[in-house]
Structures are given as structure tokens and as C-alpha cells.
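Each remark here refers to the structure printed beneath this line.
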Amino acid sequence: MASLRVQNLHLPAIGSTKSTRRRLNYCRAAINFPSNLSPKGAAAFQNLLPVIKLDELAQNQQYTVITEITKRKPLGSPKESRLLVAKLQTIAEAVADRVEMHDIIGRQRNNWNHLFLHSINSFALSASLMTGISASLPSHLLALKLSSMLLLSAAGGMMLIVNKIQPSQLAEEQRNATRLWKQLGRDIDQMLSKKSNLTKQDVNLAMDKVLALDKAYPLPLLPGMLEKFPEHVEPTCWWPKKQKKQNPTQVKQEICEGNGWSQELEEAMAGLKNVLKMKDESYYVELGKLVLGINKGLAVSGPVIAGLAAIATGLVDAPIGGSWAPVASVVGGALVAVLNTFEHGAQLGMIFEIFRNCPGLYQKIQEEIDHNLSEPEVELRENGEVFATRVALQLGRSVSELKDFAVFASPKCKVEDMKEFASKLF
């Protein structure tokens, strides 16, 4: 009866690099056969013996690497696997519900902006018209004057409320939230399609993303609404912060290659990060401050002018009113309509929210670059080619264009040296 004997030979790997040292297991199989076989039968068995010729492995300096293929560790018991899937499905249902709620509330608050805009303008212009007509109808002066005062007072009060909540900005918040919740839902569906690779870290990360989005774009109006006139303009953060495993300044300086990464790609990403931070992000933050200042000035002046116009209307035909009271009332009502149209018709609140979301996107890309470059083991990073493609698409560029930012990888580079922005999309 023939038997199989396997001999393990432990040899150092050929062509190993300084960053990776491995030992490879070479197996030689031998067959033990009975000694009473004929010479012809023994020769037949010898032909079955597989032999690895080491001199052929190094021929033309091309090495054959024999590696052990290891499968990902299973999730443990089937009960634990079903539990993780059930948790992720629960999160997916909550995300789908959030998408519907933010979409409905976004449409509602967009309607608010249009309704308040036209209502306030109608009140102010009607009050101005009544004050002007009252001069030619002395018999109806009291009725027209009281009506004009009521309309201007109502317009001023409505402007106080509208300027506080900024409906156009509320609508933009909900539009952004709807888009981001849909994106999170797609990510969770992709994880559920790979149930065999699901881990506790995936479930925890999905939960952290849900909480971060809830904090960045709250549903309640009062209380819990985002501050519409913050003292400091900061980029919006809608993602959970990633913990850096190692400070980027302490990462070893040797070339890390593999998993789609190369020294050229690392330098391009480092330069892109500097341009995003020093040029793109700071530019939109400054624009946000400018729009916020204009919006704040209009938000204060509109109700004040409406109140002054209402007081002037009350002084029409009064001894101290003279001839200036009707003029102040009519001009004041018209000016209220102009200021309200410029503030809410131009949707300055929405523009400010856009200028706050753009640097938020750039900050997120910077954190992703930091997270990958701070990981010394390239196999634990996201695939370099996939990561570069995703970043290029987010910035409206091609992958080849990212290489142009390698010259800005040095921390000594100045913003004056950066001739163009990193993003072409916004």
C-alpha cells in the first residue's frame, strides 16, 4: 500500500525588502511504495514525485513567491453574525426614515421662505400706499393711518422672526442633510450585501455616522436649531472624527509602497492637503464671514426701519408730524420691502450655509488624507488608487492632475505660491 510523506523545508524568502521580512514554507512530497514492486512499477511511482527546482525560481531575477492564503476570521457563532446583521438593518431603517423626514421638512421650510418673503413685502408696500392715499382722503385719514400702522408693525414683527430662523438657510440645511443621509443609506446597503465580512466595527461606525449627522443637521426648529449668526464661522462637520494612530510628523520617512500607494502619490496627497487648508478652506471661510456680516446688518436694519415707519405713520396729521411724517412713512415702507427682498429674496442665509459646507467638505478630505498617511502599514490603508480617484472626483479633477500638487507637500510652502484652488467643483 503506497503512502504519502510530506517534508517541510523552511527557507528565507528571496528578494525580501527591508520593510518586510518573511519566511516561506516549501513543501516536498515523497511517496513511499513497497519494495516488492517491479522496477518498471517503481519508475512509474518516481515520475509522480513533484520536485521544486530552486535554481528556476531565481531565473532572470524573477522570483516566485509562495504565500499562504488566509481567509478572514469568521464572525464566530451564527447567532453573533445574525445579531450584527439585525443591528445594521435597524440602523438602515432609521436612516431611511431620516431621509423622508429631512426631505419633507426641507420642502416645508423652503415654502416658508417664499410665503414670508411675499407676505412681508405685501404688508410694507400696502402700508406705504395707504399712507400716501390718506393725504388725499381726509375723511378716511384715521382708518387708513391705523391700517398702515398695523401693517408696518406686523411686517416688523414678522421680520424679527424670519431673520432669526432664516428659512432659506433652514431649507439648505435640510437639502444637504437629505443628500448625506441618502449617501449613508447606500453605504449601509453595501455593507449588508457583504454579510460574511460584517464586523462590530462596521456597526459602530455606522452608528457614529448617524449620530454625527443628527448633530450637524438637527430636525427641531426650537430648541436645537443651529445658530444662524455665529460669532465664529467654522466649517460644518457631519462625520465622526477619526482617531489618528500616529502623528503624521512621526511617521517613518522610508518609502511606503504597495496597496496602490507610492512615494509620488503620498507627496501629491500631502501637497493637496496643504492647498485645501491654506487656500480653498480659508477662502470660503472668509466669504462666509462677509455674507454673514451683510446678512446680520440687514436682519437688524429691516425691523428697525419698519418700526420707525410705523411711528411716522402715527404722527401723520399730528402737530409734531408736519410734512415729514407722511414722507418717512411711505419711504420707510418701501425701504422695508427692498431690504427684505435683498435679504430673503437673494437667500443670503442659504449662501452662508453653502460657504460653510464647502470648507466642511475640504476639511473632511484633509482628515481622510491624514488618516491614511499616518498609517505606517500600507496594507491597512484604503487602496491608494481608489482613494485618489474618489478625492479627484470630489474636487472635480482627474487623477493625473493631483500629481501637480506634489510641489506643495513641504510645510514651508506659502499661499502666495499656490496659483489655483484645489477644487474645480465649487
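Between the CG atom in Leu219 and the CG atom in Asp214 there is a gap of 7.0 Å [rounded to 0.5 Å]. Taking CD from Glu367 and NZ from Lys273, the interatomic distance works out to 10.0 Å, rounded to the nearest 0.5 Å. In this structure, NZ in Lys145 is found 14.0 Å from CG in Leu150, a value given to the nearest 0.5 Å.
The closest side-chain donor-acceptor pair between Asn176 and His102, if any, does not fall under 3.5 angstrom. When only modelled atom types and interatomic distance are considered, Glu173 and Gln166 share no side-chain donor-acceptor pair under 3.5 Å. For the 3.5 Å distance criterion, the side chains of Thr236 and Asn357 qualify, holding a donor opposite an acceptor.
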Inset, instruction - Decide side-chain contact (heavy atoms from CB on, under 4.5 Å) for Gln347 and Phe352; before the verdict, give the C-alpha distance in whole Å, the side-chain angles of both, and the deciding distance to 0.1 Å. - result: CA-CA 9 Å; Gln347 301 189 19; Phe352 171 69; over 6 Å; no

Inset, instruction - For Phe342 and Leu298, run side-chain contact (heavy atoms from CB on, under 4.5 Å): C-alpha distance rounded to whole Å, both residues' side-chain angles, the deciding distance at 0.1 Å, then the answer. - result: CA-CA 8 Å; Phe342 186 70; Leu298 294 173; 3.3 Å; yes

Inset, instruction - Test side-chain contact (heavy atoms from CB on, under 4.5 Å) on Trp324 and Leu315 and set out the steps. - result: CA-CA 9 Å; Trp324 62 267; Leu315 298 177; 3.7 Å; yes

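Under the 4.5 Å side-chain criterion, counting only non-hydrogen atoms from C-beta, Val291 is in contact with Phe355.
Proximity of a side-chain donor or acceptor of Asn372 to a complementary backbone N or O of Ile369 within less than 3.5 Å is not detected. Distance alone, capped at 3.5 Å, places no donor-acceptor pair between the Ser148 side chain and the Leu144 backbone.
The pair Lys228-Glu353 does not count as a salt bridge, with every side-chain nitrogen at least 4.0 angstrom from each carboxylate oxygen.
Applying the side chain to side chain donor-acceptor pair (under 3.5 Å) test between Thr313 and each of Ser153, Ser329, Ser128 identifies Ser329 as the sole match. For the side-chain contact (heavy atoms from CB on, under 4.5 Å) test with Gln174, the passing option among Gln169, Met101, Arg109 is Arg109; the others fail. For the side-chain contact (heavy atoms from CB on, under 4.5 Å) test with Leu395, the passing option among Leu276, Leu425, Val275 is Leu276; the others fail.
A cation-pi arrangement, defined by a distance under 6.0 Å to the six-membered ring centre and an angle within 45 degrees of its axis, is present between Lys279 and Phe421.
Here the closest heavy-atom approach between residue Thr131 and residue Ser134 is recorded as O-OG, 2.6 Å.
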